[in-house]
Amino acid sequence: MTTISSLWLMILIELLVVTSLATIVLLVLKFIRNGRDRKVAQTLINKIKQDGARRKAETKKLMLKKFGFSEEKAEEIAQQSAREEMRFYQNVINFYLRRDAVGFENLNIDFEGA
C-alpha cells in the first residue's frame, strides 16, 4: 500500500511540475506577444501622426479645388475629417490590442462615421 501511495505522489508531483512549466511558458509567450502588438500599434500611431498634416492639406485642397468650398469652410471640413479619421484609427487599434471581436464586427459603423 505504501508503494502505491508513493507512486501516486510522484506522478502528481511530476504533473504539477509539467503543468507549472507549461503555464510559465504560455505566460511568457503572452507577454512577448502583447509587447510586440503594442510596439506595432505605436509604430502605426507615429506614422499616422507624421502624415496627418499632409492628409489634412490634401483634404483642404480637394474641398477648395474640386468642390469649390470657401477657404474657411474647406479648413473646417479638413479639420473635422482629420478628427474623424483619428477616431477611426483609435478604434481599430483598440480592437487589435484588446482582441475585441464585438467591436470588430461593428467596424463598418465606425468607418461610416469617419
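Everything quoted here is computed from the prediction, not taken from an experiment.
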Contact between [X] and [Y] at the side-chain level, heavy atoms closer than 4.5 Å - yes or no?
{"X": "R33", "Y": "L29", "value": "no"}
{"X": "M10", "Y": "L7", "value": "yes"}
{"X": "Q79", "Y": "K60", "value": "no"}
{"X": "E85", "Y": "T59", "value": "no"}
{"X": "E75", "Y": "K56", "value": "yes"}

Check your understanding: Are Y89 and L97 connected in the hydrophobic side-chain network, where two residues link if heavy atoms are under 4.5 Å apart?
Key ->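 Yes, it is one cluster - the side chains of Y89 and L97 are joined through contacts under 4.5 Å.
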**Study point:** Linked, directly or transitively: L15 and I13 (ILVMFWY side chains, under 4.5 Å)
**Key:**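 In one cluster with L15: I13, no.
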Point to revise | salt bridge (Lys or Arg N to Asp or Glu O under 4.0 Å) between E58 and K61, worked out | key: CA-CA 5 Å; E58 284 181 3; K61 182 179 173 183; over 6 Å; no
Can you tell me how far [atom2] of [Y] sits from [atom1] of [X], rounded to the nearest 0.5 angstrom?
{"X": "L64", "Y": "I77", "atom1": "CG", "atom2": "CD1", "value": "9.0 Å"}
{"X": "E72", "Y": "E76", "atom1": "CD", "atom2": "CD", "value": "7.0 Å"}
{"X": "E14", "Y": "L9", "atom1": "CD", "atom2": "CG", "value": "10.0 Å"}
{"X": "I32", "Y": "L27", "atom1": "CD1", "atom2": "CG", "value": "11.0 Å"}
{"X": "I93", "Y": "Q42", "atom1": "CD1", "atom2": "CD", "value": "8.5 Å"}
{"X": "M86", "Y": "R55", "atom1": "CE", "atom2": "CZ", "value": "5.0 Å"}

Point to revise | N94 and Q90: side chain donor to acceptor below 3.5 Å | key: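 Absent: no donor and acceptor within the cut-off.
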Check your understanding: For Y96, is the NZ or CZ atom of R99 found under 6.0 angstrom from the centre of its six-membered ring and inside 45 degrees of the ring axis?
Key ->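 Positive - R99 is close enough to the ring of Y96 and near enough to its axis.
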